[in-house]
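A quick write-up on the structure given underneath.
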Amino acid sequence: MSKITESIAFLQQQKWIDLTHTVSAEIPYFQAFKPLSEETLCTLENDGFYAKEYHVVTQYGTHIDAPIHFAAGKDHLEQLDMQQFILPLVVLHKEDAVAENPDYCLTVADIEAFEQEHGEIPAGSFVAFASGWSKRWNEHASYYNVDENGQAHTPGWSLEALKFLHEERNVTAIGHETLDTDTSMDCTKNGGLIGELYWLSQNKFQVEVLANLTDVPAIGGAIFLGVPKIKGAPGFTIRAFAIVPAE
């Protein structure tokens, strides 16, 4: 066997973790958009084959944001480097902090504490913020977490943490379990998603609405992204999964 086929055989013996939510019309979504809709065009009974037509916004379910989603002149989906769809996976586990404070904002201090325990985050990594938020997925009110005044309370990255990951660690991409990069409170305070704007403006992508990050170890795994090649797209629904060492 070649080294590639040997590597596949090795990976198949490891632990595979699905990081993707199943897409349907019933899932939570960014409220400026519409939920997925579908129509059956052909059936096995009538046509001999089965086909459907779907109407879905590019940022829906577990999805990738290409830089052009927020940043003019940056890469569209089909321009992303294929080699970035398999990356070393680093997971910042802050589930306990988020459980105590749904407005939790991940900071540079959190990253430095992580590195004290696990070593410096390698350049070229995919860094994910494990908040435990995906466990709220099936309870829409809990996932959106909007109070009586209409203010949402969801965790996110601080701008300083994102700058640190880009400028000091040169990571390739980030990911999180929520619909947005920034905390909802920061979005309200700043009048927009300044963290998301910063990250995508570096011509780097992110993956939002990840699932099951709690099951992924802090280091030692890899993330794999199944990304469609759609001309001019600002992003799209993807299949994301992790492979981590077998227990």
ask   = How close do Gly61 and Ile27 get, heavy atom to heavy atom, and via which atoms?
value = CA-CD1, 3.8 Å
query = Just by modelled atom types, is the Gly192 backbone N or O under 3.5 Å from a matching donor or acceptor in the Asn190 side chain?
reply = no
task = Could you go through the side-chain contact (heavy atoms from CB on, under 4.5 Å) check for Glu177 and Leu213 one step at a time?
result = CA-CA 8 Å; Glu177 301 175 48; Leu213 285 175; 3.7 Å; yes
task = Check the angle between the aromatic planes of Tyr144 and His140 and answer parallel, tilted or perpendicular using the 30° and 60° thresholds.
result = perpendicular
ask   = Would you say the side chain of Asp65 lies within less than 4.5 Å of the side chain of Phe205, judging by non-hydrogen atoms?
value = no
ask   = Got a donor-acceptor contact below 3.5 angstrom from the Asn212 side chain to the Asp18 backbone?
value = yes
Atom of Val91, atom of Phe114 and distance for their closest heavy-atom approach = O-CE1, 3.4 Å
key: Electrostatic pair Lys15-Asp215, nearest N-O below 4.0 angstrom   = no
query = Can you check whether Phe126's main-chain N or O pairs, donor with acceptor, with Thr172's side chain at less than 3.5 Å?
reply = no
ask   = Does one side chain, of Thr178 or Thr154, offer a donor that lies under 3.5 Å from an acceptor on the other?
value = no
key: Contact list for residues 181-193, test salt bridge (charged side-chain N to carboxylate O under 4.0 Å, His left out), sequence neighbours left out   = Asp186-Lys189
inquiry  = Looking at every heavy atom in both Leu36 and Ala25, which two are closest together, and how far apart are they?
reply    = O-CB, 3.2 Å
query = Does the side chain of Glu208 reach to within under 4.5 Å of the side chain of Thr181, using non-hydrogen atoms?
reply = yes
task = Return the minimal non-hydrogen interatomic distance between Asp75 and Ala66, and the atom names on each side.
result = O-CB, 3.6 Å
ask   = Passes side-chain contact (heavy atoms from CB on, under 4.5 Å), Val244 versus Gln14? Steps please.
value = CA-CA 6 Å; Val244 304; Gln14 306 309 304; over 6 Å; no
query = Taking C-beta and beyond as the side chain, do Ser158 and Thr183 meet within less than 4.5 Å on heavy atoms?
reply = no
inquiry  = Under the side-chain hydrogen bond (donor to acceptor under 3.5 Å, both in side chains) test against Trp157, which residue among His176, Glu196, Gln206 passes?
reply    = His176
ask   = Looking only at atom types and distance, does a side-chain atom of Thr5 sit under 3.5 Å from a main-chain N or O of Ser2, one as donor and one as acceptor?
value = yes
request  = Measure from the side-chain N and O atoms of His21 to the backbone N and O of Ser134, and report whether any donor-acceptor pair falls under 3.5 Å.
outcome  = no
ask   = Is Lys229 salt-bridged to Glu78, cutoff N-O under 4.0 Å?
value = no
request  = State, with a plain yes or no, whether a side-chain heavy atom of Leu80 is found less than 4.5 Å away from one of Ile64.
outcome  = yes
inquiry  = Is there a side-chain contact between Phe30 and Gln59 in this structure, where contact means two heavy atoms from C-beta onward sitting under 4.5 Å apart?
reply    = no
message = Filter on salt bridge (charged side-chain N to carboxylate O under 4.0 Å, His left out), then keep only pairs touching residues 109-129, sequence neighbours left out; what's left?
response = Lys94-Asp110, Glu115-Arg169, Glu120-Arg169
inquiry  = Tell me whether Ser125 contacts the main-chain N or O of Ile121 through its side chain, where contact means a donor paired with an acceptor under 3.5 Å.
reply    = no
key: Plane angle bin for Tyr143 and Trp137 - parallel if under 30°, tilted between 30 and 60°, otherwise perpendicular   = perpendicular
ask   = In chain order, what residues pass the side chain to side chain donor-acceptor pair (under 3.5 Å) check against Glu148, with sequence neighbours excluded?
value = none
Hydrophobic cluster partners of Leu44 (side-chain heavy atoms under 4.5 Å) = Tyr50
Which atom of Ala128 lies closest to which atom of Leu89, heavy atoms considered = CB-CD1, 4.2 Å
ask   = With distance as the sole criterion, is a donor-acceptor pair present between the side chains of Ser131 and Glu95 under 3.5 Å?
value = no
Trp199 side chain reached by Ile174 side chain, heavy atoms, under 4.5 Å = yes
ask   = Any idea which heavy atoms bring Thr62 and Leu210 closest together, and the distance?
value = CG2-CD2, 4.1 Å
key: Whether Thr20 side chain and Ala240 backbone form a donor-acceptor pair below 3.5 Å   = yes
message = Can you list everything that forms a side chain to side chain donor-acceptor pair (under 3.5 Å) with Glu53? Sequence neighbours excluded, please.
response = His55
query = Are any side-chain N or O atoms of Tyr54 and backbone N or O atoms of Ser37, one a donor and one an acceptor, separated by less than 3.5 Å?
reply = no
query = How about His153 and Asp103: does a side-chain donor come under 3.5 Å of a side-chain acceptor?
reply = yes
ask   = Hey, mind stepping through Val207 and Ile223 against side-chain contact (heavy atoms from CB on, under 4.5 Å) and telling me if it holds?
value = CA-CA 11 Å; Val207 177; Ile223 190 168; 5.7 Å; no
query = Side chains of Leu19 and Val216: closer than 4.5 Å at any heavy-atom pair?
reply = yes
Residues forming a side chain to side chain donor-acceptor pair (under 3.5 Å) with His166, sequence neighbours excluded = Gln202, Lys204
message = Is any side-chain heavy atom of Phe70 closer than 4.5 Å to one of Pro234?
response = no
message = Tell me whether Thr40 contacts the main-chain N or O of Cys42 through its side chain, where contact means a donor paired with an acceptor under 3.5 Å.
response = no
query = For the side chain of Asp47 and the backbone of Phe49, is there at least one donor-acceptor N/O pair under 3.5 Å apart?
reply = no
